[in-house]
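Because only heavy atoms are used, hydrogens play no part in the values below, and waters and symmetry mates are left out as well, while side chains stay in. The chains referred to below are lettered A, B, ... by the order of the sequence lines, with proteins before strands, and numbering in each begins at 1.
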Amino acid sequence: DQQVKQNSPSLSVQEGRISILNCDYTNSMFDYFLWYKKYPAEGPTFLISISSIKDKNEDGRFTVFLNKSAKHLSLHIVPSQPGDSAVYFCAASEGGATNKLIFGTGTLLAVQP
Amino acid sequence: NAGVTQTPKFRVLKTGQSMTLLCAQDMNHEYMYWYRQDPGMGLRLIHYSVGEGTTAKGEVPDGYNVSRLKKQNFLLGLESAAPSQTSVYFCASSPPGDRVRKTQYFGPGTRLLVL
């Protein structure tokens with residue numbers, strides 16, 4: 001049973017518009033949520049994170065929103081740029097001292113010029 | 001500062017052959033992890049280590065062994081490769097004191113094809 005789900009395998013957005021990537025989770029004990037970005041033939045790179053005690057975290061063009069009652073988080077990219085085209089993974093931390101993460105299946109974002 | 005490096009970048013094996021994937025990090029990170037990425041499956045944790053000399057099983061450990069003899073290195077071994085182990089393997093490390101942000105830093109990956 002997948003504890004972290006990204007139900008949209010792909011998303012296409014026009015340059016300059018907003019990109020919204022969604023993630024759902026089932027475990028209410030997750031204490032931290034992260035977004036990673038992955039280009040082809042490269043490893044994932046950390047993008048932004050949010051603690052379970054927050055509902056919003058912003059870093060430049062990237063904002064993550066957390067809705068604990070719905071067990072849902074989203075990543076907003078405004079404005080979207082062609083260089084944002086990549087696979088985005090949502091990840092959740094189980095807590096504890098190991099820093100283990102559980103990843104979603106990823107969403108491929110294509111930003112059209 | 002090279003970050004996390006992985007060797008080799010690509011390898012083809014025949015069923016039953018063995019090999020070792022090497023991960024090295026130069027950031028003095030305590031924690032290290034091995035993942036595999038398969039289409040439609042995201043990243044799944046194989047094994048991890050919270051310090052030199054310690055290892056633990058992740059979500060999909062069967063068919064793999066690991067060792068962490070030095071803090072900077074984490075080795076992933078396949079004793080008898082199977083076609084089901086065809087995948088892209090990523091190593092990651094996590095810095096000391098980052099128990100709050102949980103951030104992991106990834107290597108570039110090793111693409112393994114088992115025939």
Side-chain angles (χ1 to χ4, degrees), chain A residues 1-10 21 23-27 29-54 57 59 64 66 73 86-108, chain B residues 2-10 21 23-25 27 29-51 54-61 68 88-111:
Chain A
D1 182 35
Q2 272 190 297
Q3 297 188 65
V4 179
K5 300 177 185 179
Q6 294 178 257
N7 293 317
S8 298
S10 63
L21 295 94
C23 179
D24 297 297
Y25 63 95
T26 58
N27 188 344
M29 299 302 291
F30 287 144
D31 66 343
Y32 231 83
F33 301 91
L34 301 87
W35 285 94
Y36 280 81
K37 177 179 179 179
K38 184 185 180 304
Y39 292 119
E42 295 184 9
T45 55
F46 171 74
L47 190 58
I48 191 169
S49 63
I50 187 167
S51 166
S52 61
I53 63 173
K54 305 278 189 184
N57 187 28
D59 184 0
V64 56
L66 176 62
L73 65 156
V87 175
Y88 289 79
F89 289 101
C90 169
S93 169
E94 296 179 305
T98 63
N99 285 15
K100 285 197 300 180
L101 297 176
I102 297 175
F103 284 83
T105 53
T107 296
L108 174 62
Chain B
V4 180
T5 57
Q6 293 183 232
T7 308
K9 287 183 170 49
F10 177 69
L21 283 68
C23 175
Q25 52 96 3
M27 298 176 283
H29 288 176
E30 289 180 20
Y31 301 164
M32 296 186 76
Y33 314 84
W34 275 108
Y35 293 90
R36 59 179 289 173
Q37 185 195 7
D38 302 293
M41 300 292 289
L43 289 144
R44 293 182 293 168
L45 183 65
I46 305 172
H47 286 280
Y48 65 99
S49 168
V50 297
T54 71
T55 63
K57 294 180 180 179
E59 181 187 358
V60 288
R68 183 104 181 265
V88 181
Y89 292 85
F90 289 102
C91 176
S93 67
S94 187
D98 205 17
R99 293 186 179 90
V100 174
R101 289 200 318 150
K102 318 291 184 178
T103 311
Q104 295 182 13
Y105 297 85
F106 284 81
T110 293
R111 187 173 298 273

Around atom CZ of B:Arg111, are there more than 12 heavy atoms of other residues, nucleotides or ligands at under 6.0 Å? no
To the nearest 0.5 Å, what is the distance between CD on A:Gln2 and CE on B:Met41? 7.0 Å
When rounded to the nearest 0.5 Å, the distance separating CG of A:Leu101 from OH of B:Tyr48 is 12.0 Å
Do A:Phe46 and B:Phe106 pass the ring pair (Phe, Tyr, Trp, His ring centres under 6.0 Å) test, and can you show the C-alpha distance, the side-chain angles, and the key distance before you say yes or no? CA-CA 9 Å; A:Phe46 171 74; B:Phe106 284 81; over 10 Å; no
So which part of B:Gln37 gets closer than 4.5 Å to some heavy atom of chain A, the side chain, the backbone, both or neither? side chain
Note: B:Phe90 and A:Gly43 closest approach over all heavy atoms is CE2-CA, 3.5 Å
Please enumerate all residues that pass side chain to side chain donor-acceptor pair (under 3.5 Å) together with B:Ser49, with sequence neighbours excluded. B:Arg68
Side chain to side chain, B:Leu45 and A:Lys100, heavy atoms closer than 4.5 Å: yes
I'd like to check the salt bridge (charged side-chain N to carboxylate O under 4.0 Å, His left out) partners of A:Lys38; sequence neighbours left out, ordered by chain and number. none
Cut-off 4.5 Å, heavy atoms of chain A, and the answer for B:Leu43 is both
Residues B:Thr103 and A:Leu34: closest non-hydrogen pair is CA-CD2, 3.9 Å
Residue part contacting chain B, namely of A:Ala91, when any heavy atom lies under 4.5 Å: neither
Are any side-chain N or O atoms of B:Gln104 and backbone N or O atoms of A:Asn99, one a donor and one an acceptor, separated by less than 3.5 Å? yes
